[in-house]
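As C-alpha cells, the structure follows; a few thoughts come after it.
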There are 2 protein chains.
Amino acid sequence: MATRGLSVTNKLREAVLGGDYAGGTRLNEVDLADALAVSRTPIRAALSTLAAEGLLEYRPNSGYAVKSFAAKDIEGIYVVRANLEGLCARLVAQQGLSDVHRGLLHKVLAESEELQNVESWTDEVSDLWRDLNDRFHNTLIEASGNSHLAMMLRKSRAIPLLNQLKFRWFDMGTLARAHDDHSQIFAAITGGQVVRAESLAEEHVYRSGQRIIEHWRKMDTRKPAVATKARAA
Amino acid sequence: MATRGLSVTNKLREAVLGGDYAGGTRLNEVDLADALAVSRTPIRAALSTLAAEGLLEYRPNSGYAVKSFAAKDIEGIYVVRANLEGLCARLVAQQGLSDVHRGLLHKVLAESEELQNVESWTDEVSDLWRDLNDRFHNTLIEASGNSHLAMMLRKSRAIPLLNQLKFRWFDMGTLARAHDDHSQIFAAITGGQVVRAESLAEEHVYRSGQRIIEHWRKMDTRKPAVATKARAA
DNA sequence: GCTCGATTGGTTGCATACAATCGAGCTCAG
DNA sequence: CTGAGCTCGATTGTATGCAACCAATCGAGC
C-alpha cells in the first residue's frame, strides 16, 4: 500500500462490504481518523472514493453514510449483473479461450468437483467455495479482454453487507447445482456454443440472485428497529 | 452548487468530457487550483471523484492523468452499452410506460420528426439532435426504474473527448436513420414487443458505436505526435 | 401548551504549511 | 560514449487550524 489514503480506502471498503456498519450508518470523519490513527485528510479521500464507487451516499455539509439497499435494489442490480455476465460468457465463447485461461478454469472446476465430497456445509467450506466462485467468474471476465465490462461487473458485485451473508445459506444441493452450472458454462464456451454460453451464464447468475434476494428479505424484515435507528442517526 | 468541491468536480468533468485535455494529459493540482481560484483541497476531492468515475487515471505519488482511450477501448465500451440499452428497453417494454414517460418520449419524437425538415447538417442542428438523443435515452433509462442500470449507463456514456466529436460527423441520412430507430423502439415498447424492443435498442446503439469508432480511428491516427507527447508528459 | 426563532454544540468544508516521494538531469567512473 | 548513482526541483501526501454550515435544543411570545 503506497499511500495512507489508499490503505484507508481499502480498509474502509472491506469494512463496508463485510457488513461492519448497518445500512444508513453515518461515518464520522474524526472517529474514523482516530480509529485508524491518521488525520482526517486520507479519511476524506477514502470516503469520497467509496461514495463514487456507490458504497456510500454523500450529502453536502452532512457527510457520508453507508448506502442501504432494499430487496428491490438488489433485484435491480442482479438483473444488470446477470445480463453482463451473459455478455461476458458470450464474448469469451466468441473469441475462444487462451491456454492460460482454459487452464485456470479447468483447475477451478477440478477443485470444485473435489469439494462435492465434503459431508456438510460448514463455514470453512463456505469460504473455499467463495474463493472458487470468485476465481471462476474473475477468470471469465479477464478472458473477455474487456476492461470496461470488468469494471461494470466489479461494481455490480460489490454490495455492502452482501459479503457477510453470501454462501452462509448454501447447502450441498445448491453447491452441486452451482458447480454444475459452471461446468456447463465452461463446456459451452470451449465448444464455441455462443448463444448457449450466454444463456447459461445469465441464468446462473439470475438464479443465484433470486436466492440472495430471498435471504435479503428475511434479513431486512428481521431487524426493523436497527434499520430505523441507523437511518435516523 | 453547494460546496466548492462539487462545483469544481462538475467543471472539471465537463472539461474532460468536452475534450479540453488530450488523452494522457497530466493534471497539475496547483495549476488547477490557480485556474479555478480555490485551494488544492477541493481540487483533490474532484480529481479523486473523477478517477473513480473512470475519467482519470491515478498513480500514487504521481497524480492524475486524463484516461486515454484507444479505438479498441471504445469498442469494448460500446459492446457493453449496447447490451445495457437493450436490457433497458426490454425492462421498459415488460413493465410498460407510465403516462408521463410516454408523453416525454412522444414529445421527443415529435421534435425529432420536425428536425428532419432542415436542409443541411449544421452545428446548431447537431446540438439540437444531441439534446433530443439524450432526452430519448435518459427517459428510457428513467422509465426502467432501475437506478443501478442508470448508473452503469451513465458511466458507459461518459467518455473523454467523445462529447467533442459526437454528431459533428452526422449527416441528414444518419439523422433520419437514428430517428427511425427511436420511433421503432418506441413502437415496440408501447406494443409490448419485449424481444423486439431489446434487439432494436441494442442494434441501434451498436450501429452508432461502429460509426463513432470509425471516426475515432481517424482522429487517433491523425495526430500521433500529440498523443505521444501527452502520454509521455 | 404550542409554534417559531435564536443559540450553540458538533461536524464538515477549505486553506495552508510541512513532509515524503518521484523523476529529470547531472556527474563521474569505467 | 555509456550507464550507474546522486542531487535537486517539482509535485503530491498528510496534518492541522479555522471558517461555514446544519440540526437539535432551549426559550420567548402568542
Side-chain angles (χ1 to χ4, degrees), chain A residues 1-13 15-16 21-68 228-233, chain B residues 1-13 15-16 20-68 225 228-233:
Chain A
M1 225 64 55
T3 74
R4 292 168 213 249
L6 292 178
S7 164
V8 167
T9 304
N10 288 331
K11 277 182 196 159
L12 262 181
R13 185 188 292 116
V16 172
Y21 306 102
T25 308
R26 275 198 46 192
L27 299 179
N28 184 301
E29 297 179 1
V30 294
D31 290 350
L32 288 173
D34 285 348
L36 297 175
V38 294
S39 80
R40 277 176 57 214
T41 307
I43 298 287
R44 283 178 68 79
L47 292 174
S48 157
T49 300
L50 295 183
E53 287 180 11
L55 270 54
L56 306 178
E57 269 176 344
Y58 172 67
R59 262 185 47 201
N61 295 312
S62 172
Y64 297 85
V66 178
K67 198 163 176 180
S68 60
T228 310
K229 177 169 171 288
R231 209 173 301 133
Chain B
M1 223 65 53
T3 73
R4 292 168 213 250
L6 291 178
S7 165
V8 167
T9 303
N10 287 330
K11 277 182 196 160
L12 262 181
R13 185 189 292 115
V16 171
D20 289 10
Y21 306 101
T25 306
R26 275 198 44 192
L27 299 178
N28 185 300
E29 297 179 2
V30 294
D31 290 351
L32 288 172
D34 285 350
L36 297 176
V38 296
S39 81
R40 278 175 56 213
T41 307
I43 298 286
R44 283 178 67 80
L47 291 174
S48 154
T49 300
L50 295 183
E53 287 180 11
L55 271 53
L56 306 179
E57 269 175 345
Y58 173 65
R59 264 185 47 201
N61 294 310
S62 172
Y64 298 84
V66 177
K67 198 163 174 180
S68 61
T228 310
K229 177 171 171 286
R231 208 172 301 134

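Protein chains get the first letters and strands the later ones, always in sequence-line order, with residue 1 at the start of each. We use all heavy atoms of the structure for the numbers below, so side chains are in, but hydrogens, waters and symmetry mates are not.
- Atom CG of Asp31(A) sits about 10.5 Å away from atom CZ of Arg26(A), to the nearest 0.5 Å.
- In this structure, the separation between CD on Glu57(A) and CG on Leu27(A) is 11.5 Å, given to the nearest 0.5 Å.
- Distances shown here put every side-chain N or O of Arg59(B) at or beyond 4.0 Å from the OP1 or OP2 atom of dC22(C).
- Between dT12(C) and Asn61(A), no contact under 4.0 Å exists linking OP1 or OP2 to a side-chain N or O.
- Between Leu36(A) atom CG and dT14(D) atom C1' there is a gap of 15 Å when expressed in whole angstrom units.
- If you check every strand for non-hydrogen atoms under 4.0 Å, Tyr64(A) touches nothing.
- Taking every side-chain heavy atom of Thr41(B) into account, dT16(C) is the closest of dG13(C), dG13(D), dT16(C).
- Side-chain nitrogen and oxygen atoms of Ser39(B) include at least one within less than 4.0 Å of the OP1 or OP2 phosphate oxygen of dA15(C).
- Atom OH in Tyr58(B) sits about 12 Å away from atom C1' in dT11(D), given to the nearest Å.
- The residue Ser62(B) sits close only to the backbone: its heavy atoms come under 4.0 Å of sugar-phosphate atoms, none of a base.
- Going from atom CD1 of Ile43(A) over to atom P of dT16(D) covers 13 Å, rounded to whole Å.
- Pairing for dC30(D) is with dG1(C), a Watson-Crick or G-U wobble pair whose two hydrogen-bonding atom distances lie under 3.5 Å.
- Listed nucleotides: dA15(C), dC14(C), dC21(D). Nearest to the side chain of Arg40(A): dC14(C).
- In this structure, Arg4(A) atom CZ and dT16(D) atom C1' are separated by 14 Å, rounded to whole Å.
- Rounding to the nearest 0.5 Å gives a distance of 11.5 Å between NZ of Lys67(A) and CD of Glu53(A).
- Base pairing analysis places dT7(C) opposite dA24(D); the two distances defining the Watson-Crick or G-U wobble pair are each below 3.5 Å.
- For Arg26(A), a side-chain nitrogen or oxygen approaches OP1 or OP2 of dT12(C) to under 4.0 Å.
- Interatomic distance, Tyr64(B) OH to Leu56(B) CG, rounded to the nearest 0.5 Å: 8.5 Å.
- dA15(C) atom C1' lies 13 Å from atom CG of Asp34(B), rounded to whole Å.
- When heavy atoms are screened at a 4.0 angstrom cut-off, Leu27(B) is found touching the sugar-phosphate backbone but no base atom.
- The one candidate from Ile43(B), Thr49(B), Thr3(B) that meets the side chain to side chain contact (heavy atoms under 4.5 Å, CB included) condition with Val8(B) is Ile43(B).
- Side-chain N/O atoms of Arg44(B) include none lying less than 4.0 angstrom from OP1 or OP2 on dC14(C).
- For the pair Glu29(A) CD and dT14(D) C1', the computed distance is 15 Å after rounding to whole Å.
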